[in-house]
Each structure stands twice: as C-alpha cells, then as structure tokens.
Amino acid sequence: MFNQRTKIKTLLDGEANNQEVTVMGWVRTFRNNQFIALNDGSTNTNLQVVAELGSFDDEFLKRVTTSAALKVRGILVPSLGKGQKMELKATAIEILGDSDPEKYPLQPKKHSLEFLREIAHLRFRTNTFGSVFRVRHALAYAIHKFYNERGFLYIHTPIITGSDAEGAGEMFRVSTLPFDNPPRNEDGSINYKEDFFGRNTNLTVSGQLEGELAATAFGEIYTFGPTFRAENSNTSRHLAEFWMIEPEMAFYDIEDNMNLAESFIKYLIAYVMEHNREDLEFLAQRQADEEKQLPQDKRSDMGLIEKLEFVLKNDFERITYTEAIDILLQSPAYKKKKFQYDVSWGIDMQSEHERYLVEKHFKKPVIVRNYPKHIKAFYMRQNDDGKTVAAMDILAPGIGEIVGGSQREERMDKLVERMKEMHIPTDELWWYLDTRRFGTVPHSGFGLGFERMVQFVTGMGNIRDVIPFPRTPKTAEF
RNA sequence: UCCUCAGUAGCUCAGUUGGUUAGAGCAUCUGACUGUUAAUCAGAGGGUCACUGGUUCAAGUCCAGUCUGAGGAGCCA
C-alpha cells in the first residue's frame with residue numbers, strides 16, 4: 001500500500017507529539033536550504049519540513065524546487081522557529097515528481113487573477129484558488145445536505161434536450177451530422193431526421209420543465225447540474241457552462257417559495273461559516289487587500305465575513321415590483337437624473353436600478369416579486385390583477401440576480417392561452433402540459449446560480465475565478 | 001454584440017515631444033551565508049516591444065486593421 005500519509009490539516013489541528021508521520025505534498029518554497037514549506041491542498045497553511053544541514057546530499061536538495069512533489073517521513077516536533085507551532089524534522093525525503101524551476105510559472109509572490117486564468121491547470125496550487133475550491137466543494141455538499149434533510153429528491157434532468165422552447169437563451173446544438181454537407185430536405189432546410197436522435201437537439205438551458213414533472217409525483221425535488229447558454233456574454237458574472245440548482249415543489253405558493261429560497265441561501269452561508277472558517281478568513285484578507293487599490297467609494301462597506309454574518313442575521317427585504325419602481329421614482333438618484341435608463345412601471349429593471357435597490361437603498365439582499373407578465377416567462381402564474389405574474393427574483397449585493405423563480409401556472413386554460421400569446425409551441429410541450437391535465441396542483445420553484453453563490457460567499461469579483469475551467473466566448477482551454 | 005481601456009523579459013510594470021545598444025523589482029541560474037517565514041547578500045543570463053500592413057531618414061512610441069485580455073452595458077443564473 002502506497003498511501004499511508006497523514007493530511008497536513010490533520011497534523012496542524014493536533015499537537016506536536018514527537019511521533020513519526022509521513023506526509024505527501026507539493027513544495028511551496030524552500031528557504032535557507034533547510035526549510036521546506038509543504039502544501040497538500042488540505043489547508044492553506046503549509047507544513048514546515050526541516051531538512052537539517054548536513055543530513056541530506058546537496059545535489060539531492062537542489063531537486064527540492066517549487067512545486068516538486070515530495071514524500072516526507074519525519075518526527076513531528078514543536079517548532080524551534082517562530083512562525084509555526086510545529087514542524088516536521090525529516091528523516092527521509094523522497095522526490096515523487098521533479099518540477100523544473102526554469103519552466104514552472106508560479107512564484108512565491110502575488111500573481112494577477114488574469115494571469116492565473118491562463119494557467120488554470122496550475123492555479124489550484126495557489127492559496128486563493130485553494131480556498132475558493134474548498135469553499136465551492138463545501139457549498140456543493142451543503143446543497144445536498146439541505147435538501148436531503150428536508151425530504152427533497154435529487155433528480156437528474158437531461159443534459160441533451162429535444163425541446164428548444166425553454167426560452168432561457170441561445171442554445172448549443174448537439175448533432176452528429178457533417179456540418180460541411182448535412183442532409184437536406186427538398187426545401188433546402190437541414191433534415192434532422194437523419195441526425196443521431198432523429199430530431200434537432202440542444203444542450204439544456206434549464207432542467208425546470210423536467211423538474212416540474214418529477215415534482216408532481218414526488219412533491220419536492222431539486223436538480224443540481226450543468227447548464228449551457230450560447231449567449232455572447234462577456235461579463236464577470238456570465239459563463240457559457242455553469243451549474244444551477246433548481247428546486248421544484250408541489251403544494252408551494254410564491255410565499256412558500258420565497259421562504260425556501262431565503263432559508264436555503266442562509267443555510268449555505270452558515271455551513272461554510274462553520275466548516276471553512278480559515279478559508280473565509282484568507283479570502284476576506286485577499287478581498288481587503290485588493291480593495292486597498294480602489295478609491296474609497298468603490299470599496300465594500302463591510303468585510304467579507306461581516307457581510308456574510310449580516311446576511312445570516314437579517315431578513316431579506318421583500319417588496320413587490322410595483323414598490324420597487326416607486327422607490328426608484330422617489331430616489332435622489334432618479335431625481336438627479338443619475339440613471340442612464342428611464343424608470344416607469346413596466347420596464348425590465350436595468351442593472352443600475354437593481355444595484356441601487358440592493359446596494360444603496362436597502363443594503364441587503366432583496367426579493368422582488370410580482371413582475372409585469374410581459375417581461376417574464378410563459379410558465380409563471382398569472383396574478384388576479386391581469387398585469388403581473390407570481391415571479392420572484394433575489395438580488396444580492398455585488399452580484400445582482402442570484403435567484404430567479406416563480407409560482408408556476410397550474411391552470412391549463414391560462415397556461416395554454418399564455419403560450420399562444422408568446423408563440424410557444426404547445427404541441428412540442430405536450431408532456432409538460434400533461435401535468436396540468438392529470439392532477440394539476442399549485443407548485444413553485446426557482447433556480448440558484450451556483451457560481452454566483454460561490455462568488456457571493458468567497459468575494460471573488462469574476463465568475464471565471466470560481467469555476468475550475470471556465471467556458472466563455474472564445475475560451476474553452478483545458 | 002456594443003462602449004471604454006490595455007497588450008514591452010517567466011511575472012508585475014517604467015519607457016519623455018518619434019532619435020544611439022529597450023530598463024527596474026521579483027523569479028531563474030552561479031557563488032556566499034545558514035533557524036528561515038514571499039530568507040538575505042553579490043554576480044550572471046533572459047526581449048519577434050501581441051500580430052499584419054502603412055507613414056517616416058528613423059517606430060516600443062504615430063496611423064489602419066486583426067487577435068487577446070480587463071471593466072461596463074445588453075442577455076441572464
């Protein structure tokens with residue numbers, strides 16, 4: 001058996017007990033020809049390995065370079081030096097993998113996030129990305145834990161979909177047809193009957209419609225999977241491939257839906273606060289350092305940890321769309337004509353408007369509900385006023401929309417009427433409409449953008465830095 | 001896709017009104033030192049100035065186009 005190592009985090013959480021242990025990891029720095037800072041990814045804190053002078057051959061020690069992989073056996077002793085409570089006095093060092101220092105791109109210094117994005121295969125070996133991805137993992141785990149504790153079923157909705165009626169953006173086509181000479185119909189259009197699935201297929205933009213099918217049997221379900229949008233979006237909060245959590249619940253109205261979403265977000269934050277304290281503290285420091293370079297008015301009011309605590313302790317603000325528009329119309333920003341886009345009832349609120357509500361007016365997460373129906377999707381439940389639908393968006397400071405959801409239209413006649421108005425083909429979605437034909441029931445659901453949640457918790461400004469290998473327009477390296 | 005800004009050594013950046021052989025810090029290499037904490041000290045090597053074309057006696061510097069990146073907008077999670 002090869003792996004008899006102890007993880008560095010386990011050692012550092014314990015005491016220096018003068019016992020012999022074996023650790024394996026990668027060299028962060030080698031100081032003074034004697035002190036090896038070893039990291040194995042279990043924590044950002046390095047273990048100081050001491051190679052006593054004279055105990056190891058000089059030629060051998062030259063191979064202890066940044067990012068070389070080592071297996072070290074030694075005695076865990078209280079540290080003689082200052083910066084750490086314990087250190088490993090090495091009795092045997094084995095180099096598992098050399099690392100050519102002339103070619104290895106990472107140095108023990110600050111690198112720009114842009115540069116690290118170009119070497120995404122190695123950025124895992126930095127403190128920042130170590131913390132980000134440990135937090136990302138913890139959030140993913142907490143998501144399953146949250147729903148499991150509440151009796152929700154985890155449903156795997158398809159990644160390849162035959163429906164292009166989901167209406168959530170441009171789709172990536174899935175095909176095995178030769179693109180230089182595809183089979184054609186007599187009218188010149190492409191003959192998808194010849195394609196792999198015998199029809200036009202795409203990558204999913206949402207698992208919601210399939211989620212509703214499962215919810216109307218199991219009651220409460222959620223999906224957690226990849227989602228694909230072929231939008232040419234170049235922003236710090238959009239990806240072409242991202243992960244989304246979509247719970248869907250029978251017997252929930254919009255109020256129940258908002259309650260679930262709020263307690264969900266708080267649960268995730270609380271989980272990470274409890275289990276990833278060290279990583280959050282590192283990320284908080286990183287964000288604070290970064291913001292030192294910004295002018296005073298661009299900096300966050302609160303530190304990262306303060307912000308998370310604040311979100312945990314306070315209720316989200318809940319307002320209707322109509323109230324949101326009124327607040328904007330009454331705002332000093334509007335009166336001083338600070339907004340680039342005009343405000344009136346019926347507009348689809350712009351980023352600047354949402355930002356104002358969340359960051360200036362309320363200074364905390366805001367749930368806006370009851371949007372005008374003409375700016376929302378066909379499946380949202382129509383309110384009695386004839387103008388609005390039971391939609392709800394959660395807007396988070398610094399991120400914008402983090403959750404989008406609604407109570408679904410369960411009334412067959414209303415749903416079909418709306419689909420026709422919006423030119424959604426009812427025949428293609430026969431299976432979706434069947435849920436309204438057979439035992440229809442009030443139900444609700446929402447989508448939470450996983451990467452946006454990771455951004456919010458880690459304080460990372462660019463969504464490309466919270467997913468291992470980001471897919472964006474013109475970029476699919478690694 | 002639109003607007004703005006940027007691209008000079010492995011990294012971060014300086015480079016004046018166009019004018020000799022394009023610089024610094026860090027990293028790397030060599031040597032010294034040896035309880036260091038992004039070790040320190042001395043020395044050395046390292047450049048298709050994003051790419052293509054143009055203006056000019058002369059272009060890192062000016063002009064045009066292209067590519068790439070960042071910030072903002074739209075689309076949204």
Side-chain angles (χ1 to χ4, degrees), chain A residues 28-37 45-54 58 61-62 65-66 79-84 87 89 99-119 122 126-127 166-170 205-208 224-246 261 293-294 298 340-341 348-355 375-377 393-396 399-405 446-456 461-467 472-475 477:
Chain A
R28 281 289 173 82
T29 62
F30 186 21
R31 285 185 295 269
N32 224 342
N33 221 22
Q34 195 178 171
F35 303 101
I36 304 167
T45 313
N46 300 320
L47 178 68
Q48 171 149 295
V49 172
V50 183
E52 286 192 315
L53 289 171
D58 274 359
L61 289 179
K62 276 187 184 164
T65 55
T66 306
S79 181
L80 298 176
K82 278 187 181 145
Q84 57 282 316
E87 61 193 20
K89 210 165 113 184
S99 173
D100 184 345
E102 301 223 36
K103 296 191 176 124
Y104 185 68
L106 286 172
Q107 306 152 25
K109 66 167 241 184
K110 232 186 177 75
H111 286 292
S112 68
L113 294 171
E114 290 84 1
F115 170 67
L116 292 171
R117 240 168 259 155
E118 293 170 14
I119 50 165
L122 295 173
T126 64
N127 285 335
E166 287 158 13
E170 289 296 309
V205 292
S206 163
Q208 182 201 316
F224 183 9
T227 306
F228 307 88
R229 306 257 168 105
E231 304 285 350
N232 193 4
S233 297
N234 286 292
T235 78
S236 55
R237 54 188 190 285
H238 287 89
L239 291 166
E241 177 183 284
F242 64 99
W243 290 66
M244 186 155 64
I245 300 100
E246 294 179 288
Q293 297 162 11
L294 297 175
K298 291 265 171 100
Q340 197 185 335
Y341 294 88
D348 201 354
M349 278 188 279
Q350 305 291 319
S351 286
E352 58 176 354
H353 304 140
E354 295 182 347
R355 276 209 137 98
I375 58 171
K376 288 292 182 180
D393 285 355
I394 301 185
L395 310 175
I399 309 281
E401 187 177 343
I402 194 164
V403 161
F446 62 84
L448 173 83
F450 184 51
E451 282 76 17
R452 289 189 184 173
M453 187 67 202
V454 181
Q455 271 190 281
F456 185 73
N462 194 312
I463 200 165
R464 293 160 200 153
D465 297 327
V466 298
I467 189 168
T472 53
K474 300 280 182 288
T475 309
E477 190 66 74

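Bear in mind the structure is a predicted one, so any value in this text is a computation, not a measurement. Chain letters run A, B, ... following the sequence lines, proteins first and then strands; every chain starts at 1.
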Under 3.5 Å, is there an N or O donor on one side and an acceptor on the other linking the side chain of [X] and the base of [N]?
X        : N     : value
A/Gln84  : B/U36 : yes
A/Ser233 : B/C76 : no
A/Glu87  : B/G35 : yes
A/Asn234 : B/U1  : yes
A/His238 : B/C76 : yes

Determine the Euclidean distance between corresponding [atom1] atoms of [M] and [N]; express it in Å to zero decimal places.
N     : M     : atom1 : answer
B/G18 : B/A58 : P     : 15 Å
B/U21 : B/U1  : C1'   : 46 Å
B/U61 : B/G15 : P     : 15 Å
B/G46 : B/U40 : C1'   : 23 Å
B/G10 : B/U48 : P     : 7 Å
B/C51 : B/U12 : C1'   : 23 Å
B/A14 : B/A24 : C1'   : 7 Å

Taking only side-chain nitrogens and oxygens of [X], does any of them come within less than 4.0 Å of OP1 or OP2 of [N]?
X        : N     : result
A/Arg28  : B/U36 : no
A/Thr472 : B/G69 : no
A/Ser351 : B/G74 : yes
A/Asn32  : B/A39 : no

For [X], which contact category applies under a 4.0 Å heavy-atom criterion: base, sugar-phosphate, or nothing?
X        : value
A/Thr45  : nothing
A/Phe30  : nothing
A/Lys110 : base
A/Leu53  : sugar-phosphate
A/Gln48  : base
A/Ser236 : sugar-phosphate
A/Gln107 : base
A/Asn46  : nothing

Tell me which nucleotide among [options] gets nearest to the side chain of [X].
X        : options             : value
A/Arg31  : B/A77, B/G35, B/U37 : B/U37
A/Asp348 : B/A77, B/C76, B/U36 : B/C76
A/Thr29  : B/A39, B/A77, B/U12 : B/A39
A/Arg117 : B/A70, B/C76, B/C33 : B/A70
A/Asn232 : B/C75, B/C29, B/U1  : B/U1

Atom-to-atom span, [atom1] of [X] to [atom2] of [N] - whole angstrom:
X        : N     : atom1 : atom2 : answer
A/Lys62  : B/U30 : NZ    : P     : 5 Å
A/Glu118 : B/U12 : CD    : P     : 8 Å
A/Glu354 : B/A77 : CD    : C1'   : 12 Å
A/Arg452 : B/C75 : CZ    : P     : 12 Å
A/Arg229 : B/C75 : CZ    : P     : 13 Å
A/Ile399 : B/A77 : CD1   : P     : 15 Å
A/Asp100 : B/U28 : CG    : C1'   : 10 Å
A/Lys89  : B/U36 : NZ    : P     : 17 Å

Is any side-chain heavy atom of [X] less than 4.5 Å from a side-chain heavy atom of [Y]?
X        : Y        : answer
A/Lys376 : A/Asp393 : yes
A/Phe242 : A/Arg452 : no
A/Ile467 : A/Phe450 : no
A/Glu352 : A/Gln340 : yes
A/Leu116 : A/Leu106 : yes
A/His238 : A/Glu231 : no

**Request:** By nearest nucleotide on RNA chain B, pick out whichever of A/Phe35 and A/Phe115 is the more 5' one.
**Result:** A/Phe115
**Message:** Closest-nucleotide mapping onto RNA chain B: is A/Pro473 or A/Lys82 further toward the 5' terminus? I mean the 5' end.
**Reply:** A/Lys82
Write down the partner of [N] under the Watson-Crick or G-U wobble criteria, each distance required to be under 3.5 Å.
N     : answer
B/A58 : none
B/G71 : B/C3
B/G53 : B/C63
B/U28 : B/A44

**Request:** Output yes when a side-chain donor or acceptor of A/Ser99 lies under 3.5 Å from a complementary backbone atom of A/Thr65, and no otherwise.
**Result:** no
**Ring centroids of A/Phe450 and B/A77 base under 5.5 Å with planes under 30°** = no
**Request:** Identify which one of A/Ile399, A/Val454, A/Leu239 satisfies the side chain to side chain contact (heavy atoms under 4.5 Å, CB included) criterion when paired with A/Ile463.
**Result:** A/Leu239
